[in-house]
Every structure is written in C-alpha cells, then in structure tokens.
Enquirer: 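Starting off with a structure, shown below.
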Amino acid sequence: MPPGGPDRSRRAPSGRLPRGRRLVGTMTTVRIPAGWPATEEQARAVQDELRGRVILDEPGPPVGEGRVTGVDVAYDDERDVVVAAAVVLDAATLDVVAESTAVGRVPFPYVPGLLAFREVPAVLAALDGLPCAPGLVVCDGYGLAHPRRFGLASHLGVLTGLPTIGVAKNPFTFAYEEPGTARGSSAPLLAGEEEVGRALRTRTGVKPVFVSVGHRVGADAACAHTLHLARAFRLPETTRRADALCRRALKETAA
DNA sequence: GCGACAG
DNA sequence: ATCTTGTCGC
C-alpha cells in the first residue's frame, strides 16, 4: 500500500461511479443475533412475550424540542442484503444532526405481522452507530396497530427503551373513516371496536398517513409529532431522510 | 378453505 | 420492499 492510503486512481467503469454526496456517519456490519426466531411460530411467541413490556402511559417527549430520529430499511433480496439507516434531526429546525447505516443479511422473510423480525437487527445496529442519543424514534410501519398489538415500533421501543411511534403509508388490515380533507384532520384506525391508531391527514387533500403508538408516547402526542415532522410532504421528514439514506447506502453497497 | 396483508 | 419511462406541475 503506497503512502497516502488506498489507491484512488483506479476507477469503476464510467457511469457506475456513485455521484452525489458521499455517505457520512458510521456504516456498521450486522450479524443475525443468536437465537433469532427461525419460524413464524417462534416469532409470534416472542411478540406475545415482549408485548407486556410496552409502556403506554407516558406522554412522551415534547413536540419540537430535543431530537427526533427516523429509521428505515432497504433490501436486495437477490443478494440477501439488508441496509438500515438512522437519521437524527434537530426537532426544532428539522436539520440533520447525525446519520448512521448498518448492513447485514436478511434475517427473516416478509410475513405480514412479523415485519419487525426482518428489520430490527439492522435498525438496532444503525441506532448503535449514532454518535448521539436518538430522542424520539419514528418508525416506518406500525406499533400498536398490529394483529397482536406489537408492531415494529413497539418492538423497537421495548428493545431500546426509547420512545417510539409508527407512521405507516397503508392501513394494513385496519378500517377507518376518511378523515376531513384539511391538514391535521384525523379519524380512528379500528380493529373492530378497538382504536389502535389514527388516520392522520398531513397534507390537505392528500391520502392520510397511519399513526400508531409505539413505546412511551401517547396517541395524541404521536399525531402531534407526525404533524410537526410532515410540514412540506405527506411523510415525516424523519422517514423521508432515513428512506433516502438506506436506499443510497444499499446501492453503494452493491458497487 | 380462500383471500388480504406494515415493509 | 422492489420491478420501472415518461410525464404533469411547481
């Protein structure tokens, strides 16, 4: 190895060179945890056991103060690769404060109701790689709104102890009445008679997002945070940032 | 039994 | 989630 570090004169074929901003922050390699569920039955048993540890009676952090972190995951199932990203924003300005990514092998197939077993190890690693405390964690998916009331946001909350909420793009199997057309309008997300979340309109006249409580945050606060984070677009800035980062990291991992 | 089903 | 071109609009 010549002085000055790796040889950068060798170039990938033109056009395959990553353009744009370089990845910043840490890039962790994830191992599938020992004892990670291998079957759907085992995974459901884990959910049934951990569900009792969810905390639902805390109001959660104040809106617009401290830090808020978005987490998301991208896949290349062909290559058995998963990349997670965690992006920390200043809650007042929504400026990016820190970023972290993690790469690993896909630990579980996609099964509705068992999404967390696919995403959690990589997300935990991405959170671990952050140089600062995450504050409130906003997940791409559900928390309480789940067949066994223990979705991704609940799972991540219990494992980390952090306050979490889930903001999903689809109603999953749940029912809801169309909320009012104005930004800020909401309607209950229902599992039969039980309210498990809210359909929340973040942009006037645009399809709502589906908010549910994860861990240590109440439903009203979860919606207030979501509205605060989704000023210019339908989705919260946290998930937009995390989504963009893990996709970019996935592409640059393949190359 | 059949279909639906966060990402 | 991912596969994918152009297209309409600010």
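Hydrogens, waters and symmetry mates play no part in the numbers below; they use all other heavy atoms, side chains included. The sequence lines fix the lettering, A, B, ..., with proteins before strands; numbering per chain opens at 1.
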Enquirer: Between Y176(A) and F210(A), does the ring centroid distance fall short of 6.0 Å?
Expert: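 Yes, the ring centres sit under 6.0 Å apart.
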
Enquirer: Please determine whether salt bridge (Lys or Arg N to Asp or Glu O under 4.0 Å) holds for the pair R241(A) and D95(A), giving the CA-CA distance in whole Å, both sets of side-chain angles, and the decisive distance to 0.1 Å.
Expert: CA-CA 10 Å; R241(A) 293 320 250 265; D95(A) 290 334; over 6 Å; no

Enquirer: If you compare every side-chain N and O of Y110(A) against the phosphate oxygens of dA6(B) (OP1, OP2), does one of them come in below 4.0 Å?
Expert: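 Yes, such a contact exists.
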
Enquirer: Using a cut-off of less than 4.0 Å, is there contact between a side-chain N or O of K169(A) and OP1 or OP2 of dA6(B)?
Expert: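 So the side-chain polar atoms of K169(A) never come under 4.0 Å of the phosphate oxygens OP1 or OP2 of dA6(B).
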
Enquirer: Between dC5(B) and N170(A), is there an OP1 or OP2 to side-chain N/O distance shorter than 4.0 Å?
Expert: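 For N170(A), the contact criterion (side-chain N or O under 4.0 Å from OP1 or OP2 of dC5(B)) is not met.
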
Enquirer: If a stem is a run of at least 3 consecutive Watson-Crick or G-U pairs, both distances under 3.5 Å, which stems include DNA chain C?
Expert: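 Result, WC/G-U stems under 3.5 Å: none.
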
Enquirer: Nearest of dA6(B), dG7(B), dC5(B) to any side-chain atom of T173(A)?
Expert: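 In terms of side-chain proximity for T173(A), the closest of dA6(B), dG7(B), dC5(B) is dC5(B).
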
Enquirer: Closer than 4.0 Å, any side-chain N/O of R247(A) to the OP1 or OP2 of dA1(C)?
Expert: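 So the side chain of R247(A) is within the cut-off, an N or O lying under 4.0 Å from OP1 or OP2 of dA1(C).
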
Enquirer: When you measure from the side chain of R183(A) to the backbone N and O of L227(A), does any donor-acceptor pair fall under 3.5 Å?
Expert: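 Answer holds: yes.
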
Enquirer: The criterion is side-chain hydrogen bond (donor to acceptor under 3.5 Å, both in side chains); which residues satisfy it with S100(A), sequence neighbours excluded?
Expert: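 By the side-chain hydrogen bond (donor to acceptor under 3.5 Å, both in side chains) rule, S100(A) matches T26(A).
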
Enquirer: What's the closest nucleotide to the D140(A) side chain, out of dG7(B), dA6(B), dT2(C)?
Expert: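 Selected nucleotide (nearest to the side chain): dG7(B).
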
Enquirer: Given atom CZ of R198(A) and atom P of dA6(B), what is their separation to the nearest angstrom?
Expert: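 These atoms are roughly 22 Å apart.
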
Enquirer: Hey, is the main chain of A91(A) close enough, under 3.5 Å, to the side chain of H228(A) for a donor-acceptor pair?
Expert: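 Present.
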
Enquirer: Hey, is the main chain of G113(A) close enough, under 3.5 Å, to the side chain of Q47(A) for a donor-acceptor pair?
Expert: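 Indeed, once roles are kept as given, a pair shorter than 3.5 Å links the two residues.
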
